[in-house]
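Only a predicted model underlies this, so the values are computations on that prediction, with no experimental measurement involved. Throughout, protein chains are lettered first and strands after them, A, B, ... in sequence-line order, and every chain is numbered starting at 1.
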Amino acid sequence: MPASTPARLLRILEQTYPDARCALDYRNPLELLVATMLSAQCTDERVNMVTPALFARYPDAASYAEAEPAELEDLIHSCGFYRQKAKSIRACCRRLAEEFGGEVPAEMEHLVTLPGVGRKTANVVLNEVFGQPAIAVDTHVLRTGNRLGWISTRDPVKAEFQLLDAVPKKWWGRVTLLLIHHGRNCCSARKPLCADCPILKGCPHGQEALSGG
DNA sequence: ATCCCGAGGG
DNA sequence: CCCTCTGGAT
């Protein structure tokens, strides 16, 4: 039994980042789904700046489905990738309206069939609004998970399943946000602050970085 | 310049 | 597997 199991390190991260939570503003599953689609390559803060007007203009899936593309693009422009995102949101909501009664499905198998929705977005929605313990793998989770040795792959889907294996189920709902915060604040891509890392003792990459040079 | 809680297409 | 899509902040 190694001294620094994922559970032990996650407990430390929980103490270090006690308020790590989803930073996107939303009031229902559809709003979270749309906000998460907008958040690709964009800060949550920026997403939260556009969503009040967006959610007011399009209160349900049918509204997005009938949206004028140019108007929708305009409302989300500052989030980047605005043509792609507008197209995805519209196509996604069209399917929601036509095949799911306008509701966001609570199953992974259905979510990932929606245009513009991959496993990362689906897992965020499942975890946040449907109370399913799910792990959403983004760039931070991928990087930090590999450095910690909890996973060993650059493929996000493989990483998700390796994490489900390495992390006790109790932590599935928390590991994503904790690793994202840790990745942002400490375990950055370029110059990780290993000397100040709260879980350095359990990190092979950090140990090597500090000793090996 | 480089990064930000990705997904789809070739 | 690599490329593209995009604006804003630092």
Pick base, sugar-phosphate or nothing for A:Pro115, based on heavy-atom distances below 4.0 Å to the nucleic acid. sugar-phosphate
Does A:His140 place a side-chain N or O at less than 4.0 Å from the phosphate oxygens OP1/OP2 of B:dC3? no
Among B:dC4, C:dC5, C:dG7, which nucleotide has an atom closest to any side-chain atom of A:His77? C:dG7
Closest-nucleotide 5' rank along DNA chain B - winner of A:Val117 and A:Arg190: A:Arg190
Is a side-chain donor-acceptor pair under 3.5 Å present for A:Asn127 with A:Gln132? no
Find the distance A:Ile180:CD1 to B:dC4:P and express it as a whole number of Å. 11 Å
Give the rounded distance in Å between these two atoms: CZ of A:Arg83 and P of B:dG8. 19 Å
Flag yes if more than 12 heavy atoms outside A:Glu71 fall under 6.0 Å of its CD atom; otherwise flag no. yes
At under 4.0 Å, does any side-chain N or O of A:Tyr82 touch on OP1 or OP2 of C:dC5? no
Answer whether the closest heavy-atom distance between the side chains of A:Thr176 and A:Asn123 falls below 4.5 Å. no
Give me the ring orientation class for A:His110 and A:Phe100: parallel if the planes are under 30° apart, tilted from 30 to 60°, perpendicular past 60°. perpendicular
Considering every strand and a 4.0 Å limit on heavy-atom distances, what is the contact class for A:Leu24: base, sugar-phosphate, or nothing? nothing
B:dG10 versus C:dT6 - spacing of their P atoms, nearest Å: 15 Å
Between A:Ala40 and A:Met49, which has a closest nucleotide on DNA chain C that is more 5'? A:Ala40
Whole Å only: how far is the CD atom of A:Gln84 from the P atom of C:dG7? 12 Å
Are A:Arg46 and C:dG7 close enough that a side-chain N or O sits under 4.0 Å from OP1 or OP2? no
Counting only N and O atoms by type, is there a donor-acceptor contact under 3.5 Å from the side chain of A:Gln162 to the main-chain atoms of A:Ser152? yes
Can you tell which of A:Cys197, A:Pro204, A:Pro192, A:Cys194 makes a side-chain contact (heavy atoms from CB on, under 4.5 Å) with A:Arg147? A:Pro192
Rounded to whole Å, CD of A:Gln41 lies from P of B:dT2 at a distance of 15 Å
Candidate nucleotides B:dC4, C:dG8, B:dA7, ranked by approach to the side chain of A:Thr121 - the nearest: B:dA7
Rounded distance (Å) that lies between atom C1' of B:dA7 and atom CG of A:Leu111: 15 Å
Using a cut-off of 4.0 Å on non-hydrogen atoms, how would the nucleic acid contact of A:Thr176 be classed: base, sugar-phosphate, or nothing? nothing
What's the NZ-P distance between A:Lys85 and C:dT4, to the nearest Å? 18 Å
Could you tell me how far apart A:Met37 (CE) and C:dT6 (P) are, to the nearest whole angstrom? 14 Å
Separation of B:dA7 P from A:Asp155 CG (nearest whole Å): 13 Å
A:Asp138, nearest nucleotide to its side chain (from B:dG6, C:dC5, C:dG7): B:dG6
Hey, does A:Arg21 reach any base, or is it just sugar-phosphate, or nothing, if we go heavy atoms under 4.0 Å? base
